[in-house]
> 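Quick one: the structure is below, questions incoming.
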Amino acid sequence: MGENTDIVRQQLLDIYQALLEVYGPQGWWPGEGTFEVMVGAILAQNTAWRNAERGIARLKEAGRLSPAALRGTPPEELEELLRPAGTYRRKAQRLRALVDYLYRRHGGEPDALAHGPLEELRRELLEVHGVGPETADSILLYATGRPSFVVDAYTRRLLFRLGWTPEQASYEDLRALFMQHLPPDPALFNEYHALIVRHAKERCRKRAPRCGGCPLESLCRFEKG
DNA sequence: GCCCAGGTGGGTA
DNA sequence: TACCCACATGGG
């Protein structure tokens with residue numbers, strides 16, 4: 001509250017504006033429909049998006065891209081459809097766990113997550129085997145349009161490099177930083193996370209840090225050396 | 001051949 | 001708590 005909070009909010013918005021000006025709107029999430037985006041969130045775990053897309057396309061071609069159809073798919077068939085997505089046995093299990101949850105708590109209706117107390121739904125999702133914090137927040141934000149900020153390794157690296165947070169800051173700490181200082185605007189959270197990912201791919205990859213000439217240079221809290 | 005990708009859960013000290 | 005590891009395909 002007060003002054004410090006206002007400063008943090010303004011700096012977070014400054015970073016957002018700088019990224020938006022350089023890279024433009026990113027158009028996330030590239031998926032059609034609530035359930036398809038949920039599936040994409042599972043398939044994208046530690047996986048290049050291109051491969052996750054292949055899995056989605058195969059599910060769709062096989063007519064398995066719905067809660068009911070997926071629930072009725074034999075495990076071996078599901079695994080085979082998911083093979084191009086990588087870690088396919090785990091992802092088959094995780095998709096089944098997610099669908100089981102949707103039926104157990106929400107009548108098999110993915111759009112049910114668009115309503116109700118956000119943090120309570122988030123806790124439910126985190127209890128689903130294979131749904132961790134990033135996947136839960138991706139589902140809430142990108143599938144159902146809830147203002148739940150998505151943190152990832154890129155976000156942690158960016159805030160660390162800007163001198164905001166320790167390198168080992170927890171997921172929940174980083175999420176809270178954004179959510180306590182920004183208005184709960186799904187469109188803002190959506191674009192912000194997508195821009196961080198875009199920026200990381202362009203400039204902040206692990207083995208190729210290129211901070212010189214970075215569009216965020218003037219917002220860095222470290223002294224330039 | 002090596003490293004990485006829009007993570008998560010299990011095991012060990 | 002803090003590491004370490006398996007998972008697995010596909011691209012640079």
Side-chain angles (χ1 to χ4, degrees), chain A residues 16 19 23-32 34-59 61 75-101 122-146 148-160 165-175 178 186 188-210:
Chain A
Y16 174 74
L19 292 173
Y23 302 112
Q26 298 301 300
W28 278 30
W29 184 291
E32 301 168 15
T34 307
F35 187 65
E36 179 172 331
V37 176
M38 288 182 177
V39 169
I42 298 285
L43 297 192
Q45 290 173 356
N46 196 41
T47 300
W49 175 245
R50 172 182 298 273
N51 289 348
E53 275 184 316
R54 291 188 171 113
I56 294 171
R58 285 164 64 96
L59 288 174
E61 289 165 15
E76 310 76 33
E77 182 184 339
L78 185 56
E79 289 181 3
E80 202 50 41
L81 289 169
L82 296 179
R83 185 181 283 272
T87 57
Y88 56 91
R89 291 188 189 92
R90 285 181 190 270
K91 285 172 181 174
Q93 292 178 332
R94 290 173 183 188
L95 286 183
R96 276 197 299 277
L98 179 65
V99 168
D100 286 346
Y101 157 72
R122 186 172 190 266
R123 281 192 293 274
E124 288 183 5
L125 283 168
L126 290 174
E127 289 175 7
V128 177
H129 188 88
V131 176
E134 184 174 346
T135 303
D137 292 326
S138 294
I139 287 172
L140 290 166
L141 179 61
Y142 290 105
T144 61
R146 307 299 296 270
S148 196
F149 202 93
V150 179
V151 173
D152 60 10
Y154 301 138
T155 313
R156 175 171 289 103
R157 200 180 314 153
L158 178 66
L159 290 184
F160 171 66
T165 48
E167 193 166 20
Q168 67 277 15
S170 74
Y171 185 100
E172 298 301 330
D173 286 345
L174 295 171
R175 176 175 183 260
F178 287 93
L188 172 65
F189 287 8
N190 178 327
E191 198 60 54
Y192 208 145
H193 173 70
L195 284 166
I196 288 173
V197 173
R198 173 66 186 277
H199 176 67
K201 290 184 170 186
E202 299 264 342
R203 308 201 56 96
C204 291
R205 302 201 93 121
K206 269 182 191 166
R207 299 190 172 279
R210 290 176 293 164

> May I have the distance from A:Tyr154 (atom OH) to B:dG7 (atom P), rounded to whole angstrom?
7 Å
> The side chain of A:Gln45 is closest to which nucleotide in this list: C:dC7, B:dT8, C:dT9?
B:dT8
> Kindly point out which of B:dT8, B:dA5, B:dG9 is positioned nearest to the side chain of A:His129?
B:dG9
> Classify the side-chain pair A:Tyr171/A:Glu134 by whether it contains a donor and acceptor separated by less than 3.5 Å.
no
> Drop me the distance from A:Phe35's CZ to A:Leu59's CG, to the nearest 0.5 angstrom.
8.5 Å
> A:Val150 near the nucleic acid: base, sugar-phosphate alone, or nothing, with a heavy-atom cut-off under 4.0 Å?
nothing
> Write down the distance separating the P atoms in C:dG10 and B:dT8, rounded off to the nearest Å.
22 Å
> So A:Leu159 and A:Leu174, do their side chains get closer than 4.5 Å, heavy atoms only?
yes
> Rounded off to whole Å, could you give me the CG-to-C1' distance for the A:Asp152 and B:dC4 pair?
14 Å
> Rounding to an integer number of Å, can you tell me how far A:Gln168 CD sits from C:dC4 C1'?
18 Å
> Spell out, as yes or no, whether a donor-acceptor pair under 3.5 Å connects the side chain of A:Lys91 to the backbone of A:Leu82.
no
> Could you state the NZ-C1' distance from A:Lys91 to C:dC7, rounded to the nearest angstrom?
9 Å
> Assess the pair A:Phe149 and A:Tyr192: is the distance between their ring centroids shorter than 6.0 Å?
yes
> Grab the CG-C1' distance between A:Leu126 and B:dG9 for me, whole Å please.
13 Å
> According to a strict under-4.0 Å criterion, is A:Thr47 in side-chain N/O contact with OP1 or OP2 of C:dG10?
no
> Indicate whether any N or O donor in one side chain lies under 3.5 Å from an N or O acceptor in the other, for A:Thr155 and A:Arg175.
no
> With heavy atoms under 4.0 Å as the rule, sort A:Ala44 into base, sugar-phosphate or nothing.
sugar-phosphate
> How many whole angstroms separate atom CZ of A:Arg50 from atom P of C:dG10?
12 Å
> Report which part of the nucleic acid A:Arg94 touches: base, sugar-phosphate, or nothing (heavy-atom distance under 4.0 Å, all strands).
base
> Among the candidates B:dT8, C:dT9, B:dG9, find the nucleotide nearest to the side-chain atoms of A:Pro133.
B:dT8
> With pairs defined as Watson-Crick or G-U wobble and both distances under 3.5 angstrom, please note down DNA chain C as a dot-bracket string, | for pairing with another strand.
|||||||.||||
> Does C:dC7 have OP1 or OP2 sitting under 4.0 Å from an N or O in the side chain of A:Arg89?
no
> What's the spacing between A:Leu19 CG and A:Gln26 CD if we round to 0.5 Å?
9.0 Å
> Give the nucleotide from the list B:dT8, C:dC7, B:dA5 with an atom nearest to the side chain of A:Ala48.
B:dA5
> Tell me what A:Val151 touches on the nucleic acid: a base, only sugar-phosphate, or nothing, going by heavy atoms under 4.0 Å.
nothing
> Among side-chain atoms of A:Arg94 and A:Gln45, is any donor-acceptor pair under 3.5 angstrom?
yes
> Rounded to the nearest Å, what distance is computed from the CG atom of residue A:Asn51 to the P atom of nucleotide C:dC7?
18 Å
> So A:His193, base contact, sugar-phosphate only, or nothing? Heavy-atom distance under 4.0 Å.
nothing
> Measure from CD on A:Glu80 to C1' on C:dA8 and round the result to the nearest Å.
13 Å
